[in-house]
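Per chain, numbering begins at 1; letters A, B, ... match sequence-line order. What you are looking at is a predicted structure, and each value in this text was computed from that prediction instead of being measured. Basis for what follows: all heavy atoms, side chains included, without hydrogens, waters or symmetry-related copies.
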4 protein chains.
Amino acid sequence: MNDKHKHILEAAEQLFAEKGFNGTSVRDIAGAAGVNIAMISYYFGSKENLMIALIDYRSEYTRDILEEMNNNKMLTPWDKIEKLIDLYVDKILNNYRFYRIMTLHLATSQSDEIREKIIEIKAGNFELIKKIILEGQRKNVFRKIDMELTIGTVMGTIAQVTSSRSLYCKLLKIDIKDDDGYRKKMTLKLRTHLKQMLKAHLHIQNT
Amino acid sequence: MNDKHKHILEAAEQLFAEKGFNGTSVRDIAGAAGVNIAMISYYFGSKENLMIALIDYRSEYTRDILEEMNNNKMLTPWDKIEKLIDLYVDKILNNYRFYRIMTLHLATSQSDEIREKIIEIKAGNFELIKKIILEGQRKNVFRKIDMELTIGTVMGTIAQVTSSRSLYCKLLKIDIKDDDGYRKKMTLKLRTHLKQMLKAHLHIQNT
Amino acid sequence: MNDKHKHILEAAEQLFAEKGFNGTSVRDIAGAAGVNIAMISYYFGSKENLMIALIDYRSEYTRDILEEMNNNKMLTPWDKIEKLIDLYVDKILNNYRFYRIMTLHLATSQSDEIREKIIEIKAGNFELIKKIILEGQRKNVFRKIDMELTIGTVMGTIAQVTSSRSLYCKLLKIDIKDDDGYRKKMTLKLRTHLKQMLKAHLHIQNT
Amino acid sequence: MNDKHKHILEAAEQLFAEKGFNGTSVRDIAGAAGVNIAMISYYFGSKENLMIALIDYRSEYTRDILEEMNNNKMLTPWDKIEKLIDLYVDKILNNYRFYRIMTLHLATSQSDEIREKIIEIKAGNFELIKKIILEGQRKNVFRKIDMELTIGTVMGTIAQVTSSRSLYCKLLKIDIKDDDGYRKKMTLKLRTHLKQMLKAHLHIQNT
DNA sequence: CATGAATGAGGGTTCATTCAT
DNA sequence: AATGAATGAACCCTCATTCAT
């Protein structure tokens with residue numbers, strides 16, 4: 001995995017995010033990366049293997065962050081939720097293209113191997129959040145809530161922001177081409193919104 | 001728009017939902033609908049026009065329900081939110097294929113015309129919910145919250161359930177092929193979860 | 001199987017005979033037949049299926065002749081051998097391209113389906129000749145000989161004439177491009193040679 | 001021409017015999033020989049040159065044997081025919097891969113240079129046998145027969161056994177993978193059959 | 001001397017669409 | 001009104017070969 005590999009993966013990532021896997025041709029990728037078409041097969045074997053390599057490439061990063069988060073033993077459950085929201089929102093918005101690709105691929109059937117890989121990763125994230133909430137419930141600070149859908153809400157809200165970007169750009173009057181502006185604004189809004197909502201949702205009310 | 005048109009649209013809907021727009025060939029659609037390949041071009045002009053026709057076909061239905069909801073003047077803001085959640089969850093889960101297609105299409109660029117159409121519809125839904133929340137805030141029963149992201153949460157949570165179905169089937173141990181079982185279970189869970197969460201999120205706490 | 005099918009098959013036959021299966025591209029065939037490249041897939045599904053169709057097309061003819069031969073009950077075993085040589089030499093030299101293709105395909109592995117088909121046909125021919133010789137042996141006019149290799153000799157000699165045509169053209173000083181001249185000369189020579197040789201080989205000597 | 005050259009040639013020989021020239025890729029050869037892909041071009045210049053080198057490599061061996069045979073002046077014409085059959089059958093069956101390649105290449109056009117080379121070699125063999133038969137005819141022990149086709153029969157019968165191996169394995173119930181078994185059985189059968197048949201064919205009958 | 005990296009050309013196949021009937 | 005036949009364009013991939021190191 002050298003720099004050229006990464007360069008191709010990043011070109012592919014952008015195109016996959018914009019036009020989907022099937023909407024992107026190997027020629028497009030080669031063109032965007034400035035390499036010969038045959039190079040893609042030479043490096044990755046096939047278009048599908050390139051996709052798998054992309055997932056591996058980006059997931060490394062993800063896994064590291066999640067593990068780091070999980071190992072911190074000094075925090076209260078709510079601290080952890082807040083930290084998780086911060087990290088998670090940052091991570092996803094900074095890799096919004098990749099997350100859009102994952103969501104797109106998960107929704108459509110395509111290759112089983114790829115889908116299994118994505119499910120595995122997402123299921124891992126699920127487990128992490130689940131643990132934190134369960135800990136809070138054991139310590140009697142979190143309510144009993146629908147675990148799967150609460151996590152679905154966190155993921156779904158962030159996913160919504162990445163996959164319906166064009167909608168939000170219109171609603172919030174952000175230039176559709178201003179990647180940075182969108183990311184910065186949304187990072188802040190998401191952090192605040194999710195924390196506020198989850199606090200109300202999770203915390204036992206002290207009447 | 002005769003019965004044969006509708007039959008083709010419904011076959012296309014299923015395939016688009018399963019394999020995406022680009023992953024579905026006109027041959028596939030013709031095969032599934034049991035009509036001649038040339039028929040699709042003959043009826044709809046092009047594959048893209050078929051997609052637009054599909055959106056129009058399904059959106060009619062959607063718009064009707066939303067307008068009906070909006071016109072009911074007898075309900076409190078929270079009643080409306082609850083009713084909206086019920087209707088919305090039902091509507092989306094019963095048309096999950098179509099919603100998945102919309103989400104997929106919104107995420108990828110594809111044709112501008114189609115994207116604009118989808119944004120227009122989604123923006124309409126946004127406006128509806130916004131009005132209800134604003135009304136609740138005017139009546140001092142709802143808190144000040146991030147309007148766009150609260151609505152994003154509602155939509156995103158439901159979207160999550162439709163687009164990550166294979167993930168949820170795994171987590172909840174539902175047979176991936178049991179469409180009905182998934183829909184019924186998720187309808188209930190979503191209604192309960194969203195109401196509980198939005199109640200905590202929206203309502204001003206009476207200490 | 002209309003005229004266009006046959007036209008493509010005959011173009012393919014010539015090219016396969018000249019350059020082999022792998023040496024001939026679908027584009028070559030389409031070009032030679034004067035049809036669109038996509039036509040080959042449209043008509044035959046794949047290049048390999050085209051080969052199978054070609055074998056079927058030519059074998060129909062073969063089977064008819066062999067059955068006709070087999071049903072004639074008026075002839076002595078040696079009459080039958082002579083008749084068989086005549087018919088067989090004619091048939092192969094008039095379809096020398098096809099027979100060359102069969103031999104080429106049988107020698108290399110390629111597709112199992114195709115090879116099995118060819119073996120089946122050749123094995124059928126084997127059985128026919130075997131029956132005639134056995135009948136002659138029962139009637140005490142033919143010697144005990146190596147059945148498989150005697151038939152191999154008949155087939156091999158004819159095959160040699162079709163597959164090593166360029167060698168024979170050189171040896172016999174025939175213009176390599178004079179298809180008709182080669183066929184006529186060789187038909188005569190083969191008939192005479194095989195009959196003379198088999199007579200000496202098969203017939204019990206009356207001392 | 002060092003050991004590595006020979007190693008590559010032998011790997012190529014096996015693959016060419018199995019899958020034909022066009023059916024074998026340079027990658028396949030490099031893989032089978034355990035060398036770098038670029039090595040083939042580096043050593044032989046091109047795939048076609050490799051083929052020529054292979055023919056040269058194997059033909060050396062062939063020519064030696066044939067010359068040795070030709071120089072033995074102590075034998076009767078029929079002794080020579082018998083010896084020639086023995087040597088020839090052995091030689092071809094022990095190099096059946098190579099002979100199959102030659103036949104394949106002779107049948108298809110491919111490169112003129114290669115075909116000319118093969119014709120030259122085969123024509124040489126022809127001349128050798130021709131000389132022996134002519135000698136027998138001069139001594140009045142051999143009949144007048146079709147010289148070209150009699151030789152064609154010898155070559156064709158052996159060629160048949162090498163090129164239609166899968167057919168004979170089926171007919172004689174030999175395991176297709178048992179190279180040694182096939183070679184041994186066929187060597188014996190061919191020697192006996194060809195001698196018996198040629199004796200009847202060539203010898204003047206003493207009534 | 002040997003090779004990993006890279007490439008232009010071409011491979012077979014499928015695509016959405018058109019058109020004569 | 002409906003369709004079978006046909007097509008140009010594009011698909012992903014593999015080919016034999018080259019070249020800098």
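Straight-line distance from the NZ atom of D:K47 to the P atom of F:dT17: 8 Å, rounded to whole Å. Across the protein-nucleic acid pair, C:H5 atom NE2 and F:dG4 atom C1' stand 12 Å apart, rounded to whole Å. In this structure, C:I40 atom CD1 and F:dG8 atom C1' are separated by 14 Å, rounded to whole Å. The separation between A:N22 atom CG and E:dC15 atom C1' is 12 Å, rounded to whole Å. Between the C1' atom of F:dT17 and the CG atom of D:D28 lies a distance of 16 Å, rounded to the nearest Å. Nucleotide E:dG11 holds its C1' atom 12 Å from the CD1 atom of C:I29, rounded to whole Å. At whole-Å resolution of the value, CG in C:L50 and C1' in E:dG12 are 12 Å apart. Atom CZ in A:F21 sits about 13 Å away from atom P in F:dC11, given to the nearest Å.
Set against F:dA6, F:dT17, F:dA2, the side chain of B:Y43 has F:dA2 as its closest nucleotide. Distance from the side chain of B:N36 is smallest to F:dG4 among F:dT17, E:dT13, F:dG4. When the nucleotides E:dT17, F:dA6, E:dT13 are ranked by their closest atom to the side chain of B:V26, E:dT17 comes out on top. For C:I37, counting side-chain heavy atoms from C-beta on, the closest listed nucleotide (F:dT17, F:dT3, E:dT13) is E:dT13. Looking at the side chain of A:Y42, the nearest of the listed nucleotides E:dA5, F:dA16, E:dT13 is E:dA5. Checking F:dA6, F:dC15, E:dA6 against every side-chain atom of A:K4, the shortest atom distance belongs to E:dA6.
Between C:A38 and A:A38, the one whose closest nucleotide on DNA chain F sits nearer the 5' end is C:A38.
Electrostatic pairing of B:R58 and B:E13 counts as a salt bridge here, judged by a charged N lying under 4.0 Å from a carboxylate O.
A side-chain donor-acceptor contact under 3.5 Å links C:K47 to the backbone of C:F21. For the pair B:T24 (side chain) and B:K19 (backbone), a donor-acceptor distance under 3.5 Å is absent. At distances below 3.5 Å, not a single donor-acceptor pair connects side-chain atoms of D:H105 with backbone N or O atoms of D:I118.
Residue contacts for D:S41: at a heavy-atom cut-off of 4.0 Å it reaches a base atom on one of the strands shown.
Phosphate contact (OP1/OP2 of F:dC11, side-chain N/O of A:S25, threshold under 4.0 Å): present.
In this model, no side-chain donor or acceptor of A:R27 finds a partner on the base of F:dA10 within 3.5 Å.
The shortest non-hydrogen separation linking C:F44 to C:N49 is O-CB, 2.9 Å.
At a cut-off of 3.5 Å, with distance as the only test, no side-chain donor of C:N36 or C:Y42 sits close to an acceptor on the other residue.
For the atom pair CE (A:M102) and CG (A:N95), the distance works out to 10.0 Å, reported to the nearest 0.5 Å.
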Read 5' to 3' with Watson-Crick or G-U pairs under 3.5 Å, [ ] for crossing pairs and | for partners on another strand, DNA chain F gives .||||||||||||||||||||
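Between A:Y57 and A:H5, the distance separating the two ring centers is not shorter than 6.0 angstrom.
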